[in-house]
Amino acid sequence: MARTKGDGRPAAAANAAGATGPRTIDRSVVDAGRLRARLAAVDERAAADPGVAVVVRAPGRVNLIGEHTDYNDGLVLPVAIDLEIRIALIPTEGRRVEIVLDATGERAGFDLDDIGERRGGFIDYVAGTAWAMHEAGLPTRGFRGLLASTLPQGSGLSSSAALELASAWALSPATDPAVDPVTLARICQRAENAYVGVACGLMDQFASSCGRADGAVLLDCRSLEHRAVALPLADHAVVVCHTGSERKLQASEYNARRAQCERAVAVLADRGLPVRALRDVSPAMLDGVRGVLDDETWRRCAHVVGEDLRVEETVAAFARGDLDAVGRLFAESHASLRDLYEVSSPELDALVEIAGNVPGVVASRMTGAGFGGCTINLVRRSAVEALARAVLADYPRRTGLVPRVLAVDPAAGAGIVRPSIR
Ligand code: GLA
């Protein structure tokens, strides 16, 4: 779903800001209330229909820091957010999966015993998840479902991972998928890598599966060890600014970056260096191989090596309450993604610049794969309105696009909404 390409603005973005004009702040633009009401409507319909036995949900995510590090065995610090995908479903005796999209009425399906090749469209993420569950020896069931989403597609908030996790829960015949949440995330990553064909790392599926309602989760993508990281949310909000441009060239450029990292590792290992992934490269080692790698590849490596260190420093800064340091680290991360890894865009840079001029914005950077999508901002609660005002006033003038400003809350990982399990 998230990887569907397109050049136009998301319709919901145009509606959200366009209804009142970009200079007037519509409360629903800031608090995402209109989006959440749509989910509630789907839940109400499900509750009113005695045939609907189950509602499952899976959240999207923002990544605070640690970008393009996951597939280099590095560190990431995502937050699962309360923009999510829900599927209200009626399990069936048969092996057919049929899903209707609440937003458009589009209908698609497949047979669990004859999944076949990817077709294009949202159903690939469901079929791919079923395929990966079969490969992992997990049972699946047929169902008829209604799918609703508050996650803007193609915006770098992991709607595809959320769809995979929601699908895994919907497809599980028991009350849960019978594997731990990290294993389930890896199965969903396999769906995306091997069935959908995007060579993503584990971060998005991990966040959607293992997110916490009380903050961020630090994941070591080599050992898969993870732990909660508290955020200063009593007086700060996590605010997503959407460029209003869908990600372009995302899959091809993403796969190209990943291949560059892997080639660099092969070159360094050939020279006898103890390197299995860029995670193993220290800053000193990086200095020593400046002439060994071509300049572009070296800069890619420099981003990854620096970004892993920045994740550790950010976690330490949050622990000691040093938000100035968090702000500096976010700024360094954004500059590195822009100049060394070259995955930012003029729109993302504009949003970060605008946010940087608003007093009370503690930290701002692009989040996710890049090439469009969103920025993530840590903002004093008293300054959220001012940030929205600045973005809605300055950004359209600079880019001709309509932005969206969404204050989000951390959310728990994927699971069953109804019936509630105690
Ligand atoms: C996408 C991928 C993730 C990760 C980020 C960049 O979201 O799906 O695995 O690589 O890009 O950090």
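Counting convention: from 1, in listed order, for ligands and their atoms alike.
Contact check on Arg398 versus Asp349 returns no salt bridge, with no Lys/Arg side-chain nitrogen under 4.0 Å from an Asp/Glu carboxylate oxygen. Note on Arg328 versus Asp324: no salt bridge recorded, every NZ/NE/NH1/NH2 to OD/OE distance being 4.0 Å or above. Using a cut-off of 4.0 Å between Lys/Arg side-chain N and Asp/Glu carboxylate O, Glu342 and Arg300 are scored as salt-bridged.
For the 3.5 Å distance criterion, the side chains of Ser333 and Arg310 fail to qualify, holding no donor opposite an acceptor. No side-chain N or O of His303 forms a donor-acceptor pair with one of Asp339 less than 3.5 Å apart. There is a side-chain donor-acceptor pair under 3.5 Å between Thr140 and His134. Side-chain contact annotation: Asn63 with Thr367, donor-acceptor N/O pair under 3.5 Å absent.
For Arg258, no heavy-atom contact with ligand 1 is shorter than 4.0 Å.
Between Val315 and the options Leu64, Ile65, Val229, a side-chain contact (heavy atoms from CB on, under 4.5 Å) holds for only Val229.
When the shell of 6.0 Å around CZ of Arg320 is examined, it contains more than 12 heavy atoms from other residues, nucleotides or ligands.
Under a 4.0 Å criterion applied to the non-hydrogen atoms of Met203, ligand 1 contributes the atoms 4 (C), 5 (C), 12 (O). Residue Gly201 approaches ligand 1 through these ligand atoms, each under 4.0 Å from one of its heavy atoms: 9 (O). Near Asp70, meaning under 4.0 Å from any of its heavy atoms, are these atoms of ligand 1: 3 (C), 4 (C), 9 (O), 10 (O). Counting the atoms of ligand 1 from 1 in the order shown, those under 4.0 Å from a heavy atom of Tyr254 are 1 (C), 2 (C), 3 (C), 4 (C), 9 (O), 10 (O), 11 (O). Applying the 4.0 Å criterion to heavy atoms of Cys200 picks out, from ligand 1, the atoms 2 (C), 8 (O), 9 (O). Close approach of ligand 1 to Glu67 is summarised as follows: ligand atoms under 4.0 Å from at least one heavy atom of the residue are 6 (C), 12 (O). Atoms of ligand 1 lying under 4.0 Å from at least one heavy atom of Arg61, given by number and element, are 7 (O).
Geometrically, ligand 1 and Asp204 share a nitrogen or oxygen pair separated by less than 3.5 Å. Considering backbone and side-chain N/O of Leu202, none are found under 3.5 Å from N/O of ligand 1. Remark: ligand 1 and Tyr71 share no N or O pair separated by less than 3.5 Å (distance only, no angle test). For ligand 1, the polar-atom distance check finds no N/O of Thr69 at less than 3.5 Å from any of the ligand's N/O atoms.
Not a single heavy atom of Arg257 sits closer than 4.0 Å to an atom of ligand 1.
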